[in-house]
Amino acid sequence: MINKIYIAGKVTGLTPEQYHRNFDNAKEIVKLYFPEAEIIVPTDICDDNWSWTQSMSVCIDELWNCNTVVFMEGWEDSHGASIERKLAQKLNIPILDLINNKLISK
């Protein structure tokens with residue numbers, strides 16, 4: 001049973017409005033699939049004014065404790081999300097991709 005899900009995606013290069021909207025939309029979709037899960041998103045746990053390093057440190061700490069990681073479309077263009085995907089793979093945390101508003105297991 002999935003009970004703690006981390007959502008990863010692109011932040012750098014987007015405006016705060018863009019990445020907040022993207023993560024909020026992803027969170028709502030994941031909630032539809034897993035209504036009982038605790039969903040962790042970077043925009044909820046990091047401050048927009050933090051450095052990339054500070055934000056990644058907080059995000060990786062959270063990811064480490066999750067049962068599943070969901071990657072939003074465009075994650076491949078994000079250095080941070082690429083690191084998070086490699087970490088999830090190394091830790092054998094299940095990965096789902098959010099593509100066209102659907103969760104897909106790869």
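Keep in mind that this is a model prediction, so the values were computed, not measured.
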Trainee: So if you build clusters from Ile, Leu, Val, Met, Phe, Trp, Tyr with side-chain heavy-atom gaps below 4.5 Å, do Ile83 and Ile40 land together?
Mentor: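 As far as the 4.5 Å side-chain criterion goes, Ile40 and Ile83 are connected within one cluster.
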Trainee: Is there a path of hydrophobic side-chain contacts, each under 4.5 Å between heavy atoms of I, L, V, M, F, W or Y residues, that connects Phe34 with Met72?
Mentor: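 Cluster IDs for Phe34 and Met72 match.
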Trainee: Can you name the residues that form a salt bridge (Lys or Arg N to Asp or Glu O under 4.0 Å) with Glu73, not counting sequence neighbours?
Mentor: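 None.
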Trainee: Determine whether a donor-acceptor pair (N or O, by modelled atom type, separation under 3.5 Å) exists between the side chain of Ser57 and the backbone of Thr53.
Mentor: no
Trainee: Are more than 12 heavy atoms from other residues, nucleotides or ligands located less than 6.0 Å from atom CH2 of Trp50?
Mentor: yes
Trainee: Rounded to the nearest 0.5 Å, what separation is found between the OH atom of Tyr6 and the CD1 atom of Ile93?
Mentor: 11.0 Å
Trainee: With side-chain hydrogen bond (donor to acceptor under 3.5 Å, both in side chains) as the rule and sequence neighbours excluded, what pairs involving residues 88-104 come up?
Mentor: Arg85-Asp97
Trainee: Between Ser82 and Glu76, is any pair of side-chain heavy atoms under 4.5 Å apart?
Mentor: no
Trainee: What side-chain donor-acceptor pairs closer than 3.5 Å can you find for residues 9-18, not counting sequence neighbours?
Mentor:
residue : atom : partner : partner atom : Å
Thr15   : OG1  : Glu17   : OE1          : 3.4
Thr15   : OG1  : Gln18   : N            : 3.1
Thr15   : OG1  : Gln18   : OE1          : 3.3
Gln18   : OE1  : Thr15   : N            : 2.8

Trainee: Which atom pair, heavy atoms only, marks the closest approach of Val30 to Leu103?
Mentor: CG2-CD2, 4.3 Å
Trainee: Using the side-chain contact (heavy atoms from CB on, under 4.5 Å) definition, which of the options Asp24, Val70, Ile7, Asn22 pairs with Val41?
Mentor: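 Checked Asp24, Val70, Ile7, Asn22 against Val41; only one passes side-chain contact (heavy atoms from CB on, under 4.5 Å): Ile7.
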Trainee: What are the two closest non-hydrogen atoms of Asp47 and Asn49, and how far apart are they?
Mentor: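 Shortest heavy-atom contact: OD1-N, 2.7 Å.
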Trainee: Treating Asn67 as the side-chain partner and Lys4 as the backbone partner, does any N or O pair qualify as donor plus acceptor under 3.5 Å?
Mentor: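 Confirmed, Asn67 side chain pairs with Lys4 backbone.
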Trainee: Less than 4.5 Å apart, any side-chain heavy atom of Cys59 and any of Cys46?
Mentor: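 Yes, at least one pair of side-chain atoms sits under 4.5 Å.
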Trainee: Enter the distance from Arg21:CZ to Thr43:OG1 here, rounded to the nearest 0.5 Å.
Mentor: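 One gets 12.5 Å once the value is rounded to the nearest 0.5 Å.
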Trainee: Measuring from atom CD of Glu38 to atom CD of Glu62, what distance do you get when rounded to the nearest 0.5 angstrom?
Mentor: 7.5 Å
Trainee: Give a yes or no on whether Phe71 and Leu91 share a hydrophobic cluster (residues Ile, Leu, Val, Met, Phe, Trp, Tyr; joining criterion: side-chain heavy atoms under 4.5 Å apart).
Mentor: yes
Trainee: Within the 4.5 Å heavy-atom criterion, are Trp52 and His79 side-chain neighbours or not?
Mentor: yes
Trainee: Quick check for you: to the nearest 0.5 Å, what is the distance between Leu98 atom CG and Lys27 atom NZ?
Mentor: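 If I round to the nearest 0.5 Å, the distance is 14.5 Å.
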Trainee: Taking a hydrophobic cluster as the set of Ile, Leu, Val, Met, Phe, Trp and Tyr residues connected by side-chain heavy atoms closer than 4.5 Å, whether directly or through intermediates, do Tyr33 and Ile104 fall within one such cluster?
Mentor: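 Looking at the clustering, Ile104 is in a separate group from Tyr33.
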Trainee: Would you say the side chains of Tyr19 and Asp48 form a donor-acceptor pair under 3.5 Å?
Mentor: yes
Trainee: Do you reckon Val69 sits in the same ILVMFWY cluster as Ile39, going by side-chain contacts under 4.5 Å, direct or chained?
Mentor: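 Val69 and Ile39: separate clusters.
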